[in-house]
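Report on the following structure.
Position 1 is the first residue of the sequence, and the numbers go up from there.
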Amino acid sequence: MSTIQNFDEQTINTTNPHLSRMKIIVETAFYSQNVTPIQDVAAVYEIAKNNPDTIVTDMPIKHAADLGLPEDAKILLYNHGRIVGRTAKARRIIQEESPESATELLNYLEEAIFTDNRHDFWRSDVVVGLAEDFMTKAHVCIAKGYEHNLYSYLMNFQALNATYQKMYDASKQYDEPDIYLYVDPDFHDPKYPNGLALFDRDHNVAAILGMRYFGEMKKGTLTLAWGIAHRHGFTACHGGLKAFHFKDRPDSVFAMYGLSGSGKSTLTLAKHDNKYDITVLHDDAFVISREDGSSTALEPSYFDRTTDHPVATHDLDYCLTVMNNGITLNEKGEKVLITQDMRNGNGRMVKSRYITKNRVDHEKQPISALFWIMKDNSLPPVLKIEDPVAAATFGLTLATKHSAAENVSAAEMEKVVIIPYANPFRLYPLYEDYNDFKALFSKRNAACYVLNTSQFLDKDIPKELTLGAVESVVEQRAEFQPFLGLDGISYMPFADYEVKADTTYKQMVRQRFDQRKAFVVAHNSSRKHALPDECLTFLDSIIDHLNK
């Protein structure tokens with residue numbers, strides 16, 4: 001899918017729906033004389049390597065030449081400072097502001113860019129979406145001094161080289177403007193102490209001010225790309241997707257939805273002791289065609305935590321860039337990484353596509369099952385949901401906990417929160433996602449499961465148990481029992497996780513469904529676009545049953 005960068009002069013006027021004040025403000029900044037274009041990834045690697053903030057390790061990058069890097073390229077480390085996660089409270093969407101507030105924000109953005117004209121910037125282009133049915137171009141402009149973030153951006157997404165330019169030119173065209181992302185981590189104002197992430201969702205433009213964390217750039221870009229996909233027949237997915245291929249029966253294509261730290265990457269990238277013929281699409285960002293059920297990855301690389309990857313295990317062999325980790329000298333006197341979040345929470349790395357030998361960018365086989373990954377200790381390790389309304393509502397009211405990937409307090413991390421479809425980055429009305437996911441269950445007949453990867457009551461649920469449960473579903477040997485007498489909801493029994501249908505337990509489950517209902521009620525009372533009545537009808541039926 002290709003989008004619009006160049007406009008016919010006859011269309012450059014006030015009637016062009018692809019032009020807005022924010023798009024004009026941001027795109028204009030890209031062409032200022034303080035902005036230097038740079039596209040070659042090897043050149044970006046060199047400027048990142050030579051930045052005073054960068055630490056050059058002695059750890060080589062595998063497949064460097066295949067990635068367009070120098071043969072002797074090394075893993076680069078950059079530490080952001082105190083903030084090492086995304087700051088959701090900094091996010092503002094122009095279309096959801098009052099006219100007065102929108103004008104004030106755009107005036108502020110103009111002032112920020114005027115100030116920035118006294119400083120030097122870089123700009124580069126990438127492709128988001130890796131198959132010809134979904135490709136969009138993204139342009140980034142970032143302040144000099146943040147070359148490591150620019151390098152990470154080009155490595156995380158697909159740099160627009162000759163190969164991908166050819167694919168992009170042949171991709172399906174849509175009447176949709178390119179993505180523009182303006183980034184200045186150094187622009188601070190007391191009015192916005194947490195920084196400002198400003199989005200124009202209808203024109204695919206964002207400005208990120210006062211925030212160093214690379215994840216703001218990555219998720220800001222994905223946020224806009226998901227919006228484009230949603231408008232053109234795709235379901236936007238913050239999760240992972242893998243396919244199990246068989247010779248004697250249809251393939252199983254599983255999608256795992258969860259926040260960072262929930263286990264979605266672990267489940268998606270698991271090799272299952274090489275028992276199956278598996279291909280992996282991605283562990284974080286993809287889209288599903290609502291027309292044929294096929295799926296497309298948005299990124300070639302993986303932006304994953306380093307907490308489970310000590311240097312001695314060689315799990316870091318496919319790293320490209322690392323952030324918010326430590327350095328020490330090994331027995332050879334070489335600079336190597338100290339991981340496992342020993343320096344701070346949410347240590348991160350961009351890993352190349354070569355870490356997964358079975359990687360694909362497009363999965364033609366239609367989606368067959370969706371797994372909502374939750375952290376809700378009232379739920380047993382695995383539930384199966386039969387009804388499409390119930391399945392979509394479980395995803396709508398996905399109960400989980402924040403992680404170190406987000407800039408929140410320790411107290412906030414302990415609370416069970418509702419994050420619909422594990423996607424806090426949505427720009428369009430939530431009811432549209434509800435309809436999109438419901439269609440996967442009702443029209444494409446996808447199965448639905450809930451995986452609790454945290455605790456059941458006070459007993460931890462190890463990842464080995466969850467992986468084993470997924471394997472039993474793959475092998476079609478999973479057995480389920482009715483869950484508390486609820487229609488269309490069953491659970492997978494485990495000896496150490498007994499479900500006792502006593503009053504105390506039923507009350508605990510009911511309280512969590514009360515929380516889900518409260519979320520829907522609050523959403524409907526505060527938003528212009530209400531969720532369908534059937535969501536509350538389903539939740540009320542659960543609560544009424546548990547009150548008996």
### Message
Taking the six-membered ring of Phe303 as reference, does the cationic atom of Arg348 (NZ for Lys, CZ for Arg) lie under 6.0 Å from its centre and within 45° of its axis?
### Response
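Output yes; distance and angle both within limits.
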### Step-by-step salt bridge (charged side-chain N to carboxylate O under 4.0 Å, His left out) determination, Asp133 to Lys172
CA-CA 6 Å; Asp133 66 333; Lys172 187 174 181 180; over 6 Å; no
### Stepwise salt bridge (charged side-chain N to carboxylate O under 4.0 Å, His left out) test for Arg359 and Asp361
CA-CA 7 Å; Arg359 172 65 191 268; Asp361 291 333; 3.3 Å; yes
4.5 Å side-chain heavy-atom contact, [X] and [Y]:
X	Y	value
Lys401	Val416	yes
Leu105	Glu97	yes
Thr279	Lys242	no
Phe437	Leu396	no
Lys74	Lys335	no
Arg353	Ser301	no

Is it true that the side chains of [X] and [Y] contain a donor and an acceptor less than 3.5 Å apart?
X	Y	result
Arg21	Asn107	yes
Asp308	Gln340	no
Thr3	Thr136	yes
Asn325	Thr339	no
Asn194	Thr87	no

### Task
Look at the aromatic rings of Trp226 and Phe425 and report parallel, tilted or perpendicular, splitting at 30° and 60°.
parallel
### Task
Please identify each residue that fulfils salt bridge (Lys or Arg N to Asp or Glu O under 4.0 Å) with Lys144, with sequence neighbours left out.
none
### Query
Does a sphere of radius 6.0 Å around NZ in Lys357 hold more than 12 heavy atoms from other residues, nucleotides or ligands, not counting ones at 6.0 Å or beyond?
yes
### Message
According to side chain to side chain donor-acceptor pair (under 3.5 Å), does anything in residues 156-166 pair up with another residue at least two apart or in another chain? List the pairs.
### Response
Asn156-Glu299, Gln165-Asp169
### Test of ring centre spacing under 6.0 Å for Phe286 and His238
no
### Query
Given the rule in the side chain to side chain donor-acceptor pair (under 3.5 Å) test, do Asn358 and Thr356 qualify, once you have shown the distances and angles that lead to the verdict?
CA-CA 5 Å; Asn358 50 350; Thr356 46; 4.8 Å; no
### Task
Would you check, one step at a time, whether the test side-chain contact (heavy atoms from CB on, under 4.5 Å) holds for His362 with Ser294?
CA-CA 8 Å; His362 181 72; Ser294 64; 3.6 Å; yes
Quiz: residues 427-436 side-chain donor-acceptor pairs under 3.5 angstrom, not counting sequence neighbours:
{"unit_1": "Tyr428", "atom_1": "OH", "unit_2": "Asp433", "atom_2": "OD1", "d": "2.8"}
{"unit_1": "Tyr428", "atom_1": "OH", "unit_2": "Asp433", "atom_2": "OD2", "d": "3.4"}
{"unit_1": "Glu432", "atom_1": "OE1", "unit_2": "His230", "atom_2": "NE2", "d": "2.4"}
{"unit_1": "Asp433", "atom_1": "OD2", "unit_2": "Arg426", "atom_2": "NE", "d": "2.7"}
{"unit_1": "Asp433", "atom_1": "OD2", "unit_2": "Arg426", "atom_2": "NH2", "d": "3.2"}
{"unit_1": "Tyr434", "atom_1": "OH", "unit_2": "Glu534", "atom_2": "OE2", "d": "2.7"}
{"unit_1": "Asn435", "atom_1": "ND2", "unit_2": "Tyr431", "atom_2": "O", "d": "3.4"}
{"unit_1": "Asp436", "atom_1": "OD2", "unit_2": "His230", "atom_2": "ND1", "d": "2.9"}
{"unit_1": "Asp436", "atom_1": "OD2", "unit_2": "Arg290", "atom_2": "NH1", "d": "3.1"}

### Task
Inspect the contact between Glu216 and Arg86 and indicate whether a charged nitrogen and a carboxylate oxygen are less than 4.0 angstrom apart.
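Salt bridge flag = no for Glu216 with Arg86.
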### Task
Could you tell me whether Arg201 and Glu96 make a salt bridge, using a distance below 4.0 angstrom between a side-chain N and a carboxylate O?
yes
### Task
Could you point out which residue of Lys351, Arg305, Lys219 forms a salt bridge (Lys or Arg N to Asp or Glu O under 4.0 Å) with Asp284?
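Only one of Lys351, Arg305, Lys219 forms a salt bridge (Lys or Arg N to Asp or Glu O under 4.0 Å) with Asp284, namely Lys219.
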May I have all residue pairs that pass ring-ring contact (aromatic ring centres under 6.0 Å, His included) and include part of [range], sequence neighbours excluded?
range	result
residues 106-130	Tyr108-Phe187, Tyr108-Tyr192, Phe121-Tyr182
residues 49-84	His63-Tyr354, Tyr78-His80, Tyr78-His148, His80-Tyr213
residues 33-56	Tyr45-Tyr151

### Task
Take Gln95 and Asp200, measure what side-chain contact (heavy atoms from CB on, under 4.5 Å) needs, and give me the verdict at the end.
CA-CA 7 Å; Gln95 284 77 14; Asp200 178 345; 2.7 Å; yes
